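A quick note: this is a predicted structure, and the numbers were derived from the prediction, not measured. Each ligand, and each atom within it, is numbered from 1 in the order the structure gives. Position 1 is the first residue of the sequence; numbering continues from there.
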Amino acid sequence: METKIIDARVIVTCPGRNFVTLKITTTDGVYGVGDGTLNGRELAVAAYLQEHVVPCLIGRDADRIEDTWQYLYRGAYWRRGPVTMAAIAAVDTALWDIKAKRANMPLYQLLGGKCREGVTVYTHANGHDIAQLLDSVSHHIELGYKAVRVQCAVPGVADAYGIPHGDKPYEPADASIPREEVWSTPKYLRFAPKMMEAVRAKVGFDVALLHDAHHRLTPIEAAALGKSLEEFRLFWLEDVTPAENQEAFQLVRQHTTTPLAVGEVFNSIFDCQQLISERLIDYVRASVAHAGGITHMRRIASFAELYGVKTGCHGPTDVSPICMGAALHFGLSVPNFGIQEHMPHCAETDEVFPHAYTFNDGYMQPGEQPGHGVDIDEKLAARFPYKRMYLPVARLEDGTLFNW
Ligand code: EZ4
Ligand code: CO
């Protein structure tokens, strides 16, 4: 018998930061949840879902996930874009959750079963200076992480990317109107190898180290940075240059053997088509919540597999635990998995989104609950109303608006 969608509800909550959740319920009483959070533009996705997607979902067959994906993607006429694709992701993730619950299986089983024993994750270490960074790296290695992203304030630069303000945990979307930061590429390029040298001297070469340049370099600067870091054997260097311009990576690639990761802002396979088919990157960073859900992420991963490119999904605190859970099922089941980012959520977020996933000794497990294993406590969610919170913007020292 056909299982129809009878209800779809958009839930916006701010337990520490804003999240957009879609909860879909079917005629047999099963429900599923999906994440459509888009940092700083949350209400655009919520309205897109509420006004333009929910009315089309009611009455549809909940089992037809691919058909619903095509219906929302092609049916809008206006393809791609972060808002549309986050909305489609929320629907898609909720429908996979429902299908797996109805099959009484953890989602990874429906996706083909385990390809590995656990999902290797990396986390973030940072410091206002090198000494603080070294402590942070050691602390995370003690927690069991086998891969650590390192970011450090640059001497003489007021605000490097990835560094907390004061003693609060790092959370970039921290103001109701964007904070303005000042950035200097030359100072950063001189400092980055010194930072990496200090970390390798402290922890040796057995720990995987990553670093995020956060879209701030030109291709030739990126090439120089990649070269200057080669001796430190990074696991990856991330987002060296904005990737709307995919061919820019040809120049970077010609000059350095440092592995490259790109794509946390991508929302479709077309954003990385050239990067993958020309083997210009090593890891693609698209996430379930931003790139059309499980359905589209599987397509991206399959395409990447043809060219030896691996997954390295974005997993910051600005995607909800629902995205994290879905990403772990995806990561466990996809053959060309590389690594998964893991930025632990704050206690309030974890309480609003009860989840089956666990971390142990550098690996995460999605858990064995039917579905993707993440839920939302709606009563608790209602106690944390939406708060407008924006990412900062960056300016160069002469005042030019730059890439944050
Ligand atoms: O700045 O998710 O690799 N991780 C990152 C993130 C992004 C935020 C933006 O919303 O670059 O911290
Ligand atoms: Co990044």
Side-chain angles (χ1 to χ4, degrees), residues 14 16-20 35-45 82-83 85-86 89 121-126 136 140 145 147-152 159-165 168-175 178-179 181 183 188 192 208-217 222 225 234-244 258-267 271-272 275 281-291 311-321 323-324 327 338-346 349 387-394 402-404:
C14 186
R17 53 155 311 103
N18 295 310
F19 298 108
V20 177
D35 181 23
T37 306
L38 190 60
N39 199 359
R41 295 294 183 270
E42 297 88 356
L43 297 185
V45 181
V83 175
M85 296 303 277
V121 293
Y122 74 91
T123 197
H124 295 186
N126 50 41
S136 174
H140 288 100
Y145 288 98
V148 181
R149 188 189 87 160
V150 300
Q151 307 290 142
C152 189
D159 309 278
Y161 160 79
I163 310 305
H165 277 252
K168 285 194 267 173
Y170 175 64
E171 171 48 68
D174 60 1
R179 207 163 30 77
E181 298 187 340
W183 176 249
Y188 164 73
L209 296 180
L210 302 82
H211 178 67
D212 192 346
H214 221 254
H215 325 273
R216 295 187 180 191
L217 307 176
L225 176 66
L234 265 58
F235 184 91
W236 82 34
L237 177 60
E238 176 178 335
D239 283 337
V240 283
T241 192
E244 298 100 305
T258 295
L260 302 173
V262 184
E264 65 185 44
V265 302
F266 291 172
N267 51 70
D271 295 331
C272 45
L275 289 170
I281 57 172
D282 301 280
Y283 299 91
V284 59
R285 301 238 327 113
S287 71
V288 171
H290 297 143
T311 65
C313 298
H314 196 207
T317 40
D318 50 81
V319 293
S320 89
C323 178
M324 191 67 205
I339 202 164
Q340 168 67 48
E341 184 176 20
H342 177 230
M343 235 179 124
H345 288 104
C346 69
T349 297
K387 257 188 11 214
R388 193 177 70 227
M389 305 250 260
Y390 287 152
L391 292 168
V393 296
F402 195 54
N403 313 325
W404 178 76

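The shortest N or O to N or O distance between His214 and ligand 1 is under 3.5 Å. Residue contacts with ligand 1: His314 is placed with a nitrogen or oxygen under 3.5 Å of a nitrogen or oxygen of the ligand (distance criterion only). When only interatomic distances are considered, the shortest N/O to N/O separation between Tyr122 and ligand 1 does not fall below 3.5 Å. Considering backbone and side-chain atoms together, His124 places no N or O closer than 3.5 Å to any N or O of ligand 1.
With contacts defined as side-chain heavy-atom distances shorter than 4.5 Å, the pair Thr317/Thr349 does not qualify. Residues Thr37 and Cys323 form no side-chain contact, since every pair of their non-hydrogen atoms from C-beta on lies 4.5 Å or further apart. Contact check for Arg149 versus His140: no side-chain heavy atoms found under the 4.5 Å cut-off.
Protein heavy atom closest to atom 2 (O) of ligand 1, with residue, atom name and distance, is Asp318 OD2, 2.7 Å. Regarding atom 12 (O) of ligand 1, its nearest protein heavy-atom neighbour is Tyr161 OH, 2.8 Å. In this structure, atom 11 (O) of ligand 1 lies nearest to the protein heavy atom Glu264 OE2, 2.7 Å.
Within Asp212, the N, O or S atom at minimum distance from the Co ion (ligand 2) carries the name OD2. Glu238 has its closest N, O or S atom to the Co ion (ligand 2) at the position named OE2.
Ring geometry, His290 versus His314: the interplanar angle falls from 30° to 60°, so the pair is classed tilted. In this structure, Tyr161 and Trp404 have perpendicular ring planes: the angle between them is above 60°, well past the 30° mark.
For the pair Asp282 (side chain) and Leu260 (backbone), a donor-acceptor distance under 3.5 Å is present.
For the pair His345 and Ser320, the tightest heavy-atom approach, listed with the atom from each and the gap, is CE1-C, 3.8 Å. Residue Tyr145 comes nearest to Val121 through the heavy atom pair CE2-CG2, 3.8 Å, listed as atom of the first residue, atom of the second, then distance. Taking all atoms of both residues into account, the shortest heavy-atom contact from Ile339 to Trp236 is CG2-CZ3, 3.4 Å.
At least one N/O/S atom of Glu264, from backbone or side chain, sits under 2.8 Å from the Co ion (ligand 2). Because the distance cut-off is set at 2.8 Å, Asp239 fails to qualify as a neighbour of the Co ion (ligand 2), as none of its N, O or S atoms comes that close.
For ligand 1, the atoms lying closer than 4.0 Å to a non-hydrogen atom of Trp404 are 1 (O). Close contacts of ligand 1 with Asp212, meaning ligand atoms under 4.0 Å from a residue heavy atom, involve 3 (O), 4 (N), 5 (C), 11 (O). Near Arg285, meaning under 4.0 Å from any of its heavy atoms, are these atoms of ligand 1: 3 (O), 4 (N). Every atom of ligand 1 is numbered from 1 in the order shown, and the set under 4.0 Å from a heavy atom of Pro316 is 2 (O). Near Asn39, meaning under 4.0 Å from any of its heavy atoms, are these atoms of ligand 1: 9 (C), 10 (O).
Residue contacts with ligand 1, taken as heavy atom pairs separated by less than 4.0 Å, do not involve Met343 at all.
Distance check: Asn18 CG to Leu38 CG gives 11.5 Å after rounding to the nearest 0.5 Å.
A side-chain N or O of His124 and one of Glu341 form a donor-acceptor pair less than 3.5 Å apart.
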